[in-house]
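One structure below.
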Amino acid sequence: MTRSDHPDPALVRGWCPGARRPMESGDGFLVRLRLSGGVMSATLAGDVADLARRLGSGLIDLTQRANLQIRGVAAGDVDELIGELDALGVIDPDAASEAVRNIVASPLAGLDASAPIDGRALTHALEAALVADPALHALPPKFGFVVDDGGRCGLGDVAADVRLTGLATPEGPRVLISIADRPGHARPIAVVAVGEAAPSAVALARAVVRLRADLAETPRRMPELIARVGLDALLAAAGFGAAMAEVATLPRPGGANAVLGDHTAGPVGFLGLGAPYGRLTADRLALIGDLAGERGSGELRLTPWRAVLIPGIAPEKMGRIRPWLTAAQFITSADDPRLAVVTCAGSSGCRNGGRDTRADAERLAGLARRLAPGGTTLHLSGCEKGCARPGPTPITLTARGDRYDLIRDGRAWDAPWLAGLTLDEAASALADLAPF
Ligand code: SF4
């Protein structure tokens with residue numbers, strides 16, 4: 001593989017890397033693994049860690065779609081890495097198949113007795129249907145699905161164009177079909193039997209492909225399409241009736257706060273470990289793979305919250321495990337200030353980065369946490385593209401050259417409130433904005 005085989009992804013809107021479509025970045029190529037349902041065996045974790053050390057830089061990202069990215073692969077090693085992953089049986093036969101399987105599933109799917117449906121089975125059915133229909137490979141690159149089993153880990157904060165949510169009804173388990181009619185909002189359109197859920201999602205996807213084909217400027221996401229053609233036209237094209245009224249569901253905990261730390265004594269026993277700023281090392285991945293294999297149920301569950309769950313660890317084993325996790329610097333508490341910061345690769349991993357945002361995140365995390373007691377308060381962006389967070393954040397620091405622009409309640413590309421700050425000046429501004 002040569003560099004000319006791939007366009008510069010930083011310059012291509014909507015570019016989505018995969019294992020079959022590696023993306024060149026500032027530290028070499030990155031190869032993304034889209035593991036079905038975010039399920040990774042302990043053995044595979046060890047194998048991927050070895051490959052990341054041998055053929056990459058040893059750095060591994062955990063993405064907001066619960067995928068893993070092996071970073072820092074030299075152009076001359078990409079083909080060998082893909083061959084090794086192929087031999088492990090964890091990548092699709094072609095780029096189109098891996099791209100269309102853009103599904104985030106409930107991290108505890110199949111293990112959670114409180115879930116009304118088996119999210120793993122539904123995920124597998126949807127994946128198979130998406131891959132089998134070549135027409136669906138024309139879906140836009142970031143068009144995505146969520147399969148939420150309705151159980152312990154709510155996925156309400158995870159972006160999706162089509163959302164399938166398990167429901168417990170007096171008539172038995174059902175699936176609520178929702179679509180994103182505007183950013184951040186899921187509009188319910190039907191409740192169907194479990195066996196009808198994947199075909200319903202596929203019908204919507206086919207309608208999206210057909211309707212896009214008739215438009216001169218093709219929308220990339222569901223809200224844009226609905227804004228262009230109208231909700232009724234979409235539903236008619238997909239064979240649905242009129243949209244239904246809002247469905248009242250009980251709020252469920254979700255996000256990193258709901259899964260981090262020791263949940264081994266709960267009904268679905270697991271340990272939740274956050275990857276600081278979404279980054280693992282090969283050694284850390286190998287460590288948690290060993291823990292899962294020797295003390296857990298033999299698998300890891302990747303989450304869209306940049307955390308990994310290890311199911312099946314007995315509570316009495318935690319005393320011996322905890323020191324290892326602390327030494328490896330995993331996030332094990334929702335109070336950890338590193339959770340207040342979201343950052344992209346920055347100059348250490350992207351040629352567009354003006355500053356090493358990951359190093360700066362370590363410096364600023366404590367101040368970021370002081371801005372608010374919970375949630376993300378600070379977005380560090382290596383340039384105005386804002387890859388790590390397309391939505392607004394209370395404070396965004398966008399690198400311009402070696403300095404930062406500070407944006408309040410906006411995105412990385414919005415007009416700054418303060419411009420041209422050194423890191424010390426940015427830290428001082430954050431301290432002034434913190435309420436104590
Ligand atoms: S936002 Fe970060 S990762 Fe995205 S192009 Fe800019 S420097 Fe690179």
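Order of appearance sets the numbers: ligands from 1, and atoms from 1 within every ligand. Residue numbers start at 1 and run along the sequence shown. The figures here come from the full heavy-atom set of this structure, side chains too, leaving out hydrogens, waters and symmetry mates.
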Problem set entry | 2.8 Å cut-off met by an N, O or S atom of Cys350 to atom 4 (Fe) of ligand 1 | no
Exercise. Step by step, would you call Glu80 with Arg54 a salt bridge (charged side-chain N to carboxylate O under 4.0 Å, His left out)?
Worked result: CA-CA 11 Å; Glu80 183 178 351; Arg54 184 160 65 84; 2.9 Å; yes
Problem set entry | Working for salt bridge (charged side-chain N to carboxylate O under 4.0 Å, His left out), residues Arg21 and Asp92 | CA-CA 11 Å; Arg21 204 158 81 127; Asp92 297 85; over 6 Å; no
For this session: Please list all pairs passing the side chain to side chain donor-acceptor pair (under 3.5 Å) test where one or both residues lie in residues 282-291, with sequence neighbours left out.
Result: Arg53-Asp283, Arg284-Gln329
Problem set entry | Where Pro394 and Thr377 come nearest, the two heavy atoms and their spacing | CB-O, 3.6 Å
Seminar exercise, completed: To atom 2 (Fe) of ligand 1, the nearest of Ala399, Cys344, Gly353 on a heavy-atom basis is Cys344
Can you name the atoms of ligand 1, numbered from 1 with element, that are less than 4.0 Å from a heavy atom of [X]?
| X | result |
| --- | --- |
| Gly382 | 2 (Fe), 7 (S) |
| Gly386 | 1 (S) |
| Ser381 | 1 (S) |

Problem set entry | Within reach of ligand 1, part of Cys387 (heavy-atom separation under 4.0 Å) | both
Problem set entry | Pairs where residues 118-130 contributes a residue and the test salt bridge (Lys or Arg N to Asp or Glu O under 4.0 Å) is met, not counting sequence neighbours | Arg101-Glu127
